[in-house]
Amino acid sequence: MINFYNVTKLYPNGVKALNDVSLSICKGEFVFLVGPSGAGKSTLIKIIFREELPTRGQVLFGGKNVARLRPREVPYLRRKIGMVFQDFRLLSQKTVAENVAFAMEVISASGKDIKKRVPEVLEQVGLKDKLNVLPKELSGGEQQRVCIARALVNSPAVLIADEPTGNLDPDTAWGLMELLEEINKAGTTVIMSTHAREIVDVMKKRVVAISQGKISRDEECGVYCDEL
Amino acid sequence: MQSIARNSWISLASIGTVSVSLIIVGVFTLVFLNANQFTQGLESGLEIRAILKNEQSRTDLNRINYSIESISGVSFVEFISKNQALEEMKESLENRKEILEGLQSENPLPDAFKVKAETPEQIVPIAKEIEAIEGVEQVIYGQSFVEKLVAATRWIRYAGAGLLGILCLAAVFLISTTIKMSVFARRKEIEIMVLLGATKWFVRFPYLLEGMILGFLGSLLSGLVVGAGYLSLVNHLDQALPFVSLITDKLVVLKVLGGIVGVGLLIGAIGSTMSIRKFLKT
């Protein structure tokens, strides 16, 4: 459902973040994007999400050319993708439930649907007791779960998580991985970029390794990196 | 609405500036309309006199009358015979009849046509055409006065439009600054909205509303001030200087006030659109 054909991304400052990348991700897959900082993982994610445009090459999402979308079509692409950010990006003055509801309000969902769906998805991520708590009163792992709930609330086809465990301690990170695996089993495609070697090695999922803007390795049931 | 309350001081300041600018706009518009009415009064009083050569036949008079009527822009033609002209002169010099005493036996005044133009700009070309008609001795009109009046009204119109434009721009700028502050305070929220798939309209709408409310409140205030001020001015002048005739047509005044409110809304909308554009680039 996501296809990259010879994608190159050149930033205005001359940095070549992606160099002739071709990649295909199918519906229902669980994919780790691994590689050192600055290898191009974030750029790849940004291109899927159309935060950045590819300099050369084609990117298809569900058969649609992402680069050719008109500006007013972009919101509808993003509604099919749930994004989980490393820095959470939660609104500090809103409660947990309000933060999740915000994602539904933004796409003009009805009040009735919001009331029904928000507690549902917060229960799914294990936060049903924290509906009316402000994010700053939560632990890092819990905040990341709120972020996942927000990404899931509109039932996206794909969940993309950019280093979701980057700010978490190992135990919390494992809890989060279990949650992501559950979500994947329920049918959502999951793409996760990470540095966490141990997690990748244990999970035995597809691993796409990127270094210096190129795909250096793409294996089913892969491990973080043989050479290291 | 919440953000208007939250930034209450800035919001008040921008309502104030909108209303001050629109008060000036409104006052100027009313002054302008009144000046226009006044100059139109002057303009419609302007006339051309075509003095005829002596002793024209009836057919010649008819021919000249017809030629003048067929010039484009002529709104009125009247024949003034030499006798009529003498009567007019007698009337206007009633107090000094001795001047006319020598004229009783023989009337030295010529026959003439009185001609009026639709607009003052047309007076000069019409006069030139009449001069060319056979049988016309001379054409008289207030040459220099007409030219000056035309130039002055044109200048006043341009200067007025320019001033109005500048004031409106200032008001747009102030509203956009106000809204920029509230956009800036919520820039994180806007960024997240965009990432979550909000359409541009969805993001823009509350700020558009905020800008239009600010513009509306400001224009309402200035409308009240201008309206009340003008009506009381009309009342006072009516008693103090009854010969100065201001526009008292309620419909015209209402149109001006309605225009002020409309401009206020527009200023608010433009201001807010400008202030949020930068944050919506994807």
Side-chain angles (χ1 to χ4, degrees), chain A residues 42 45-53 61 66-67 69-94 98-109 114 135 146-162, chain B residues 1-14 172 176-214 266 268-282:
Chain A
S42 294
I45 288 171
K46 279 181 179 164
I47 287 177
I48 297 174
F49 204 56
R50 209 188 190 269
E51 267 187 275
E52 295 287 349
L53 286 168
F61 183 98
V66 171
L69 288 180
R70 275 171 289 183
R72 62 188 165 82
E73 292 176 303
V74 172
Y76 300 94
L77 166 77
R78 292 186 179 162
R79 290 175 191 188
K80 293 181 193 144
I81 303 171
M83 272 296 269
V84 179
F85 307 98
Q86 184 180 9
D87 56 355
F88 312 141
R89 300 210 193 169
L90 296 171
L91 291 166
S92 54
Q93 75 279 17
K94 287 185 190 285
E98 284 166 352
N99 263 291
V100 176
F102 188 61
M104 293 184 79
E105 286 160 12
V106 152
I107 66 163
S108 311
I114 295 176
V146 177
C147 207
I148 291 173
R150 185 180 62 186
L152 282 180
V153 73
N154 293 320
S155 313
V158 182
L159 186 81
I160 300 179
D162 193 4
Chain B
M1 286 308 265
Q2 276 176 358
S3 87
I4 290 179
R6 195 162 46 223
N7 304 323
S8 53
W9 281 110
I10 306 162
S11 298
L12 270 182
S14 78
V172 165
S176 92
T177 309
T178 311
I179 295 195
K180 217 173 264 172
M181 294 205 174
S182 85
V183 170
F184 192 72
R186 296 171 66 193
R187 66 190 180 287
K188 201 181 160 195
E189 199 173 323
I190 291 173
E191 190 189 301
I192 293 172
M193 283 169 116
V194 171
L195 290 175
L196 290 176
T199 58
K200 284 188 181 183
W201 263 107
F202 186 90
V203 178
R204 200 184 281 149
F205 186 72
Y207 298 100
L208 195 66
L209 205 65
E210 184 182 343
M212 287 175 81
I213 289 172
L214 291 177
L266 197 67
I270 296 174
S272 71
T273 307
M274 271 170 50
S275 64
I276 197 162
R277 208 172 47 186
K278 176 174 93 170
F279 290 87
L280 278 178
K281 278 188 186 140
T282 43

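Just so you know, these numbers use all the heavy atoms, side chains as well, and skip hydrogens, waters and symmetry mates. By convention in this document, chain letters (A, B, ...) are assigned in the order of the sequence lines, proteins followed by strands, and residues within each chain are numbered from 1.
Looking at A:Leu90, the atoms closer than 4.5 Å to chain B (heavy atoms on both sides) all sit in the backbone: N, CA, C or O. With a 4.5 angstrom heavy-atom cutoff, A:Gln93 touches chain B only via side-chain atoms.
When all heavy atoms of A:Phe102 and B:Leu196 are compared, the closest pair comes out as CD2-CD1, 4.0 Å. The heavy-atom pair separating B:Gly197 from A:Pro75 by the smallest distance is O-CB, 3.4 Å. Across all non-hydrogen atoms, the minimal contact from A:Pro71 to B:Lys200 is CB-NZ, 4.4 Å.
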Only distances under 3.5 Å count here; give the side-chain donor-acceptor pairs of residues 148-161 of chain A to other protein atoms, sequence neighbours excluded, each with its distance to 0.1 Å.
from     : atom 1 : to       : atom 2 : distance (Å)
A:Arg150 : NH1    : A:Arg89  : O      : 2.7
A:Arg150 : NH2    : A:Phe88  : O      : 3.2
A:Arg150 : NH2    : A:Arg89  : O      : 3.2
A:Asn154 : ND2    : A:Ala103 : O      : 3.2

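A donor-acceptor pair is defined here as one N or O able to donate and one able to accept, closer than 3.5 Å; such a pair exists between the side chain of A:Arg78 and the backbone of B:Val194.
Your options are B:Ile192, B:Thr199, B:Leu195, and the one with the most heavy-atom pairs under 4.5 Å with chain A is B:Leu195. Highest contact tally toward chain B, considering only A:Met83, A:Glu52, A:Arg79, is held by A:Arg79 [criterion: heavy-atom pairs under 4.5 Å].
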